[in-house]
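Residues take their numbers from the sequence shown, with the count starting at 1.
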Amino acid sequence: MPLALLALAVGAFGLGTTEFVMMGLLPDVAGDLHISIPAAGHLVSAYALGVVIGAPLLAALTARLPRRTVLISLMGLFVAGNALSALAPGYDSLLAARFLSGLPHGAFFGVGAVVATNLVAPERKARSVSLMFMGLTVANIAGVPVATLVGQHLGWRATFLGVSLIGVAAMAAVFLLIHPAHVPAPTTGLRGELSALRSLPVWLALATTVVGFGALFSAYSYITPMLTDAAGYADANVTLLLALFGVGATIGNLVGGRLADHAMRGTLFGGLVSMVAVLLLFPVLMRAEWSAALAVVLLGIAAFVTGSPLQLMVMERAAAGPSLASSANQAAFNLANAGGAWIGGVALAAGFGVTSPALAGAALAVLGLGVASVAYAVDRRRAVPATVHERVVASHVPEPAEPVRS
């Protein structure tokens, strides 16, 4: 695996840190700006809205530009958004800065995934995507907890200044480690990128992302009350347990990338089935501290096994214009975040119990299996030829030996 993938992982680390750290800083921001906790929660929504809007928009606007230039520019916008967040004089300006910070998120992951697959041999594409995404999962282990501690001791503004520095480091890494000659120039413009989105298999892959990861966020959005009210953990221990989720997500991401290089569709189905099983077991696992900790790790593993195959599937179904579709998959991920949290909240508000969001997530994972099955059926009916990725893997099967002639 080329060292250039490290540059993409550094950028993903910064994006993952700034996306999730606001959840831990809500009380500090609310107290400093004299606003309510629910109002501070809108700062999380503003970032997600920026991702959903910015992912397809920026990918489309930069369709003809060199890929390295696009990545550096997107990280520059990320640095500006976080610096403005640190300097925001009030709530409204911070809300706008958080929206600005979210704009480059999806496009960076989308374009970065296309670049990552161009840096490696075809039979290693899924692993290259998983190594870039590893920056996002490691952010949940180290970036978010450290950034939260910085914000609690030095003020939340110091956190966003620190995240800006990570963005500067990512810009330098992309410039130094990704050589323009190693990244082919885009072969299609905006029209070609948009034409790829007219494909039914692309939309089915995006729908699988929305529903599949919606299952994760239905449970994960309410993991804190599950751990404290059901498992009996003290509030002070929740941060450590969330880091365990990051450990599980990192394991699942790496395992999923390796498995998907051999059986992309099988890895996707296996991950979704695992999510159904883990989420159905949540009410039982949340009865004791040790099993609750295990449940958090297993949830991270099961969910992120599907990350690389879903990203690669979208890109391969939109082979004529992969950057826009790849970025749209990141928008789908954030729609899953919002939709899954809403569905889990409905189950909780209905009085079905503190672990009911996990059962709602299991139902979403079953629906995700259904969508993935429809996508598989459509591919078979259309007799989709083997992708480059699948042909290369198949080419490694040894030919039968010639019979010995007497």
Query - Inter-residue atom distance Leu206.CG - Met313.CE, 0.5 Å rounding - result: 11.5 Å
Query raised in the report: Given the rule in the side chain to side chain contact (heavy atoms under 4.5 Å, CB included) test, do Met264 and Glu316 qualify, once you have shown the distances and angles that lead to the verdict?
Result: CA-CA 11 Å; Met264 182 168 59; Glu316 292 191 340; 3.4 Å; yes
Query raised in the report: Does OH belonging to Tyr91 count more than 12 external heavy atoms closer than 6.0 Å?
Result: yes
Query raised in the report: Does Arg258 reach the main-chain N or O of Arg127 with its side chain, forming a donor-acceptor pair under 3.5 Å?
Result: no
Query raised in the report: Can you tell me if Ser326 uses its side chain to pair, donor with acceptor, with the backbone of Val114 under 3.5 Å?
Result: no
Show which side-chain atoms of residues 335-358 pair as donor or acceptor with protein atoms under 3.5 Å away, not counting sequence neighbours.
unit_1	atom_1	unit_2	atom_2	d
Ser356	OG	Ala347	O	3.4
Ser356	OG	Gly353	O	2.6

Report task. Decide yes or no on side chain to side chain contact (heavy atoms under 4.5 Å, CB included) for Met22 and Phe160, but give the supporting numbers first. Result -> CA-CA 10 Å; Met22 181 57 76; Phe160 290 111; 3.4 Å; yes
Query raised in the report: Excluding sequence neighbours, so at least two apart, what forms side chain to side chain contact (heavy atoms under 4.5 Å, CB included) with Ala88?
Result: Ser93, Leu94
Query - Residue pairs passing the side-chain hydrogen bond (donor to acceptor under 3.5 Å, both in side chains) test where at least one lies in residues 11-33, sequence neighbours excluded - result: Thr18-Asn82, Thr18-Arg98, Asp32-Trp156
Report task. Write down the atom of Leu279, the atom of Ala219, and the distance for their closest heavy-atom approach. Result -> CD2-CB, 3.6 Å
Query raised in the report: What closest approach, in Å, do Ala4 and Leu119 show between heavy atoms, and which atom pair accounts for it?
Result: CB-CD1, 3.8 Å
Query raised in the report: Considering only heavy atoms from C-beta outward, does the side chain of Leu77 approach that of Leu58 to under 4.5 Å?
Result: yes
**Report entry** From CA spacing to verdict: side chain to side chain contact (heavy atoms under 4.5 Å, CB included), Leu242, Tyr220
**Finding:** CA-CA 9 Å; Leu242 295 183; Tyr220 186 67; 3.8 Å; yes
Listed pairs under 3.5 Å, donor-acceptor, residues 360-376 side chains, sequence neighbours left out:
unit_1	atom_1	unit_2	atom_2	d
Ser373	OG	Leu369	O	2.8
Tyr376	OH	Arg380	NH1	3.1

Requested in this report: Would you indicate whether the side-chain heavy atoms of Leu241 and Tyr233 approach each other to under 4.5 Å?
Outcome: yes
Requested in this report: Would you please indicate yes or no on a ring centroid separation below 6.0 angstrom for Phe109 and Phe333?
Outcome: no
Compile the donor-acceptor pairs under 3.5 Å between side chains in residues 291-307 and protein atoms, sequence neighbours left out, one pair per line.
unit_1	atom_1	unit_2	atom_2	d
Ser291	OG	Leu285	O	2.5
Ser291	OG	Ala288	O	3.2
Thr306	OG1	Ala303	O	2.6

**Report entry** Donor-acceptor pair, side chain of Arg64 and main chain of Thr62, under 3.5 angstrom
**Finding:** no
Requested in this report: For residues Phe108 and Leu8, report the shortest heavy-atom separation together with the two atoms involved.
Outcome: CE2-O, 3.8 Å
Report summary line: Separation between OG1 (Thr148) and CZ (Phe20), nearest 0.5 Å, reads 12.0 Å
Query raised in the report: Hey, what do you get for CG (Leu49) to NE2 (His42), rounding to the nearest 0.5 Å?
Result: 12.0 Å
Query raised in the report: Quick one: does Phe78's side chain get under 4.5 Å of Leu74's, heavy atoms only?
Result: no
Query raised in the report: Side-chain contact, heavy-atom cut-off 4.5 Å: Met286 with Ile223?
Result: yes
Query raised in the report: Of the non-hydrogen atoms in Met75 and Ala170, which two are nearest, and what is the gap between them?
Result: CE-CB, 3.9 Å
Requested in this report: Would you check if the side chain of Asn334 reaches a backbone N or O of Gln330 as a donor-acceptor pair within less than 3.5 Å?
Outcome: yes
Query raised in the report: Distance only, no hydrogens: is a donor on one side chain within 3.5 Å (strictly under) of an acceptor on the other, for His105 and Tyr47?
Result: yes
Query raised in the report: In Å, rounded to the nearest 0.5 Å, how long is the span from OG1 of Thr208 to CG of Leu272?
Result: 7.5 Å
Requested in this report: Give, for atom CG of Leu310 and atom CG of Leu268, the distance between the pair rounded to the nearest 0.5 Å.
Outcome: 5.0 Å
Query raised in the report: Which pair of non-hydrogen atoms, one from Ser101 and one from Gly81, has the smallest distance, and what is that distance?
Result: OG-C, 3.0 Å
Expected list for residues 248-257: side-chain donor-acceptor pairs under 3.5 angstrom, two or more places apart:
unit_1	atom_1	unit_2	atom_2	d
Thr250	OG1	Thr137	OG1	3.0
Thr250	OG1	Gly246	O	2.9
Asn253	ND2	Ser130	O	2.6

Query raised in the report: Looking only at heavy atoms, which two atoms of Gly106 and Ala55 are closest? And how far apart?
Result: CA-CB, 3.8 Å
Query raised in the report: Does Arg317 reach the main-chain N or O of Val202 with its side chain, forming a donor-acceptor pair under 3.5 Å?
Result: no
Report summary line: CG (Leu161) and CD1 (Ile166) are apart, to the nearest 0.5 Å, by 11.5 Å
Requested in this report: In sequence, state the C-alpha distance, the side-chain angles, and the governing distance for Asn118 and Arg67, and then conclude on side chain to side chain contact (heavy atoms under 4.5 Å, CB included).
Outcome: CA-CA 11 Å; Asn118 282 320; Arg67 303 292 85 184; over 6 Å; no
Query raised in the report: Are any of the side-chain heavy atoms of Leu136 and Leu15 separated by less than 4.5 Å?
Result: no
